[in-house]
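Heads up: the structure comes next, in structure tokens.
What you see below is based on every heavy atom in this structure, not just the backbone, and it leaves out hydrogens, waters and symmetry mates.
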2 protein chains.
Amino acid sequence: MQTATAPAQRKVPRPRADALRNRERIVTAAREMFVELGPEVPLDDIARRAGVGNATVYRNFPDRDALVREVVCSVMDRTAHAAAQALAETGDAFGALERFVHVAADERVSALCPMVTSTFDKDHPDLVAARMRVEQLVEEVMERARQAGQLRDDVGYGDLMVAVAQLSRPPAGTACPSVDRFLHRHLQLFLDGLRAPARSVLPGTAVTMEDLRQA
Amino acid sequence: MQTATAPAQRKVPRPRADALRNRERIVTAAREMFVELGPEVPLDDIARRAGVGNATVYRNFPDRDALVREVVCSVMDRTAHAAAQALAETGDAFGALERFVHVAADERVSALCPMVTSTFDKDHPDLVAARMRVEQLVEEVMERARQAGQLRDDVGYGDLMVAVAQLSRPPAGTACPSVDRFLHRHLQLFLDGLRAPARSVLPGTAVTMEDLRQA
DNA sequence: GCTAAACGGGGAGACGGTCCCCGGTTATTT
DNA sequence: AAATAACCGGGGACCGTCTCCCCGTTTAGC
């Protein structure tokens, strides 16, 4: 903690500039390919898309899960950012919620779900931290709309996020771009169903954050 | 065409009873496993679940696509049946639509989409026949609700079916049963958004059957 | 310009899915 | 009930694919 340019204790001499750049390009490429082709795309393909050799991928990430985790955290951060922006809006509370949902869908929150599977540490520190940020912010956005009497009160955080994730999932298999044509229509329809007053009585109870965690 | 017991021209001496039974069990097991594990489950696993040897699977279906096609047709038939029942209901038109949606979701129409990929003949006679039946019936159910002024008129067949398929997709990876807990809640929310009068203006135009076909 | 870190491509190794083979079993026919 | 032919089941060979290491070459940083 002496100088800003050499903060870490020796032994970590600071990575090279191009190394950092490559790492970032890998994460970006991985996010795109996970969304398009699913969570099982060969790492070699990701490397090619990123414009690097396959060895560079395996150097930066000890195993597939490490890469997946980084991608998931990245998407969560973007989602949290979208929620924060929605919170900053001072106008219509439900309008802010709507805007958040459409932006989050474009970030492909969807891609996360298929990956949280099998050998994957859901309790990794980085993950819980990112998750908590998102939950906190989205919950606030929803609460404000609820207070304003615009959001029906029998729905929870989990209802919103799961439905958005499901609706924004690509049709699996192809990177068919047509899904985007439908996606925002269907999100809007779902949002219309979310408005107060409720037009029906829902089965079960509101899905909370805790429900998702242990699911 | 002489007697009913020997209708086929010779050379097809009629399959044995247990052979038919096995074929049926394979299709059932395949539907379950496709829904739970995705369209790439090993055929050997399907055979085990069906309680038959793997050779029996390969004997009955020349290749994977043939099995997938049979499963898809089977699900479509069930869906068409659900739609027909909804049409037969004489009460509330929108209520019939709701009931159809919830039943169709339980049939896992969802499982179809991930399979319509890569090497798969979308124009196989059996498929188009089943598809046309479903389209016809569902369109009628929707039209009746629309006429009754209960269904917003800026949505089409494609909007309904794609959204239902997406919402009823299992979270991919695990056969986590919790999804069923959410599923019907989210379907109901979506249906609420479908009701007239429209609570917002949708982006794009109504998704028709033709849109889906060439997508 | 020198040094060491980082890169890239090729290929070995391993895993998993598909499909065939053949001895045993079961449904049908007379 | 016996004969017969279709059908079944499990084991294993073949093949494509993904992972990951190796090593000669390049490039950033001083």
Side-chain angles (χ1 to χ4, degrees), chain A residues 3-8 10-30 33-34 36-69 115 117-120 173, chain B residues 3-8 10-30 33-34 36-70 114-115 117-120 173:
Chain A
T3 58
T5 48
R10 65 204 166 189
K11 277 284 181 185
V12 260
R14 179 175 79 217
R16 250 164 59 172
D18 58 341
L20 259 48
R21 197 170 47 242
N22 277 338
R23 187 187 172 91
E24 202 52 45
R25 291 174 65 179
I26 292 171
V27 172
T28 300
M33 299 203 71
F34 283 150
E36 289 178 20
L37 286 319
E40 299 190 330
V41 290
L43 295 190
D44 281 25
D45 288 4
I46 294 177
R48 191 157 349 101
R49 160 95 67 124
V52 303
N54 56 9
T56 304
V57 173
Y58 291 102
R59 236 191 314 276
N60 276 281
F61 304 94
D63 55 23
R64 173 177 283 266
D65 280 355
L67 176 56
V68 170
R69 189 184 317 122
M115 303 187 185
T117 174
S118 59
T119 62
F120 186 77
Chain B
T3 58
T5 48
R10 64 202 170 193
K11 278 283 182 189
V12 259
R14 176 174 82 219
R16 250 167 54 174
D18 57 341
L20 260 47
R21 196 170 49 242
N22 277 338
R23 187 187 172 91
E24 203 52 46
R25 291 173 64 179
I26 292 171
V27 173
T28 301
M33 300 203 70
F34 284 150
E36 289 178 20
L37 286 320
E40 299 190 330
V41 291
L43 295 190
D44 282 24
D45 289 3
I46 293 177
R48 193 158 346 105
R49 161 95 67 125
V52 304
N54 55 10
T56 305
V57 174
Y58 292 102
R59 236 191 312 275
N60 275 283
F61 304 93
D63 54 23
R64 173 176 284 267
D65 280 355
L67 176 55
V68 170
R69 190 184 317 122
E70 186 110 350
M115 303 186 185
T117 174
S118 59
T119 62
F120 186 77

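- Interface limits on DNA chain C: the 5'-most and 3'-most nucleotides within less than 4.0 Å of chain B heavy atoms are C:dG17 to C:dT29.
- The shortest distance between side-chain heavy atoms of B:L67 and B:Y58 does not fall below 4.5 Å.
- Side-chain contact between B:L43 and B:F61 is absent, with no heavy atoms from C-beta onward closer than 4.5 Å.
- Residue pairs meeting the side-chain hydrogen bond (donor to acceptor under 3.5 Å, both in side chains) criterion with at least one partner in residues 20-29 of chain B, sequence neighbours excluded, are B:R23-B:E70.
- Taking the side chain as every heavy atom from C-beta outward, A:F34 and A:V68 approach each other to under 4.5 Å.
- For B:D63, there are no salt bridge (charged side-chain N to carboxylate O under 4.0 Å, His left out) partners, not counting sequence neighbours.
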Do any side-chain atoms of residues 46-57 of chain B form donor-acceptor pairs under 3.5 angstrom with protein atoms, and if so which ones, sequence neighbours left out?
residue : atom : partner : partner atom : Å
B:R48   : NH2  : B:D45   : OD1          : 3.1
B:R49   : NH1  : B:E32   : OE1          : 2.6
B:R49   : NH2  : B:E36   : OE1          : 3.4
B:N54   : ND2  : B:D44   : OD2          : 3.4

Along nucleotides 17-30 of chain D, 5' to 3', which nucleotides get a B, which get an S, and which get a -, given that the test is a protein heavy-atom distance under 4.0 Å? -SBB-B----BSSS
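- An angle of 40°, rounded to 10°, separates the two end axes of the helix from C:dG1-D:dC30 to C:dT30-D:dA1, each defined over five pairs.
- Residue B:N22 has no polar side-chain atom (N or O) positioned under 4.0 Å from OP1 or OP2 of D:dC7.
- Heavy atoms only, all atoms of each residue included: A:V41 and A:M33 are closest at CG1-O, 4.0 Å.
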